[in-house]
Amino acid sequence: MALRRRKPYDRTRILAEAAQARKRGRHRKALGLYRQVLEVEPTNANLHRKVAPLLARGKETEQAWESYRQAAQVLQRQGFSEQAIGLYREASRTLPTQVEVWQALA
């Protein structure tokens, strides 16, 4: 029985693989790779912006809303209120039945 070594954490490699997977339509693989980076960087707004639509596509609406919300909160704290509003608008298109999205946008 051979032991498999886990690849060392290489943020650049993981993000490149995720982008490639996303480009090729392999959304589940891209989501898994993005989640690896989010484990290390849980407040990275840019990653949450990429993850949220993938989660929504996979019918994980609660997690998608949480990613949108976290990204928008980080953007607001950094002074990018207009970007946060734009992100809530994107969330309202992606998750039109989520009441929380509409409340946050209001």
Side-chain angles (χ1 to χ4, degrees):
M1 179 170 100
L3 297 176
R4 293 183 71 191
R5 290 186 180 187
R6 189 172 180 184
K7 291 181 182 178
Y9 178 75
D10 180 355
R11 181 182 192 278
T12 305
R13 178 191 55 81
I14 293 171
L15 291 176
E17 283 182 32
Q20 190 69 19
R22 188 174 175 193
K23 183 177 165 183
R24 291 183 177 172
R26 300 189 65 204
H27 301 290
R28 221 179 283 163
K29 180 178 180 175
L31 182 58
L33 292 165
Y34 285 134
R35 282 180 166 163
Q36 284 180 20
V37 180
L38 277 174
E39 285 178 16
V40 179
E41 303 174 31
T43 60
N44 187 321
N46 289 327
L47 282 179
H48 280 292
R49 288 175 115 165
K50 293 177 183 181
V51 166
L54 295 175
L55 288 167
R57 176 180 224 123
K59 307 294 184 218
E60 297 180 54
T61 56
E62 292 296 322
Q63 294 87 350
W65 166 237
E66 185 61 26
S67 277
Y68 276 123
R69 189 185 63 73
Q70 285 182 8
Q73 285 179 344
V74 169
L75 289 170
Q76 279 183 313
R77 279 193 303 266
Q78 294 175 345
F80 299 110
S81 298
E82 291 180 16
Q83 286 186 26
I85 291 169
L87 196 55
Y88 283 134
R89 285 184 183 153
E90 179 185 325
S92 71
R93 288 188 301 273
T94 308
L95 305 167
T97 59
Q98 290 284 87
V99 175
E100 297 89 356
V101 174
W102 295 100
Q103 290 173 338
L105 188 56

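The minimum heavy-atom distance linking Tyr88 with Val101 is given by the pair O-CG1, 3.9 Å. For Leu38 against Leu47, the heavy-atom pair with the smallest separation is CD2-CB, 3.7 Å. For the residue pair Ala64 and Ala56, the shortest heavy atom distance occurs at CB-N, 3.6 Å. Smallest separation of non-hydrogen atoms from Val51 and Tyr34: CG2-CB, 3.5 Å. When all heavy atoms of Trp102 and Pro96 are compared, the pair lying nearest together is NE1-O, 2.9 Å. Shown here for His48 and Pro42, the closest heavy-atom pair between the two residues is NE2-O, 2.9 Å.
Put simply, the side chain of Glu66 does not reach to within 4.5 Å of the side chain of Leu55, judged on heavy atoms. Using a 4.5 Å heavy-atom cutoff, the side chains of Arg49 and Leu75 are in contact. For the pair Gln70/Val74, no side-chain contact is recorded, criterion being any heavy-atom separation below 4.5 Å from C-beta on.
Partner of Arg11 under the salt bridge (Lys or Arg N to Asp or Glu O under 4.0 Å) criterion, out of Glu39, Glu17, Glu41: Glu41 alone.
Side chains of Arg69 and Gln73: a donor-acceptor N/O pair is present below 3.5 angstrom, by distance only.
Heavy-atom neighbours of Arg13 CZ from other residues, nucleotides or ligands within 6.0 Å: above the threshold of 12. Annotation for Arg22: atom CZ counts as buried by contact number, over 12 foreign heavy atoms lying within 6.0 Å.
In this structure, the separation between NE2 on His27 and NZ on Lys29 is 13.5 Å, given to the nearest 0.5 Å. Distance CG/Leu31 to CD/Gln63: 9.5 Å, rounded to 0.5 Å. The OH atom of Tyr68 lies 3.0 Å from the OG1 atom of Thr94; values are rounded to the nearest 0.5 Å.
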Please report the C-alpha distance between Gln20 and Leu33 in whole Å, then the side-chain angles of each, then the deciding distance to 0.1 Å, and finally whether the side chain to side chain contact (heavy atoms under 4.5 Å, CB included) criterion is met. CA-CA 11 Å; Gln20 190 69 19; Leu33 292 165; over 6 Å; no
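Under a 3.5 Å cut-off, the side chain of Ser92 and the backbone N or O of Arg89 do form a donor-acceptor pair.
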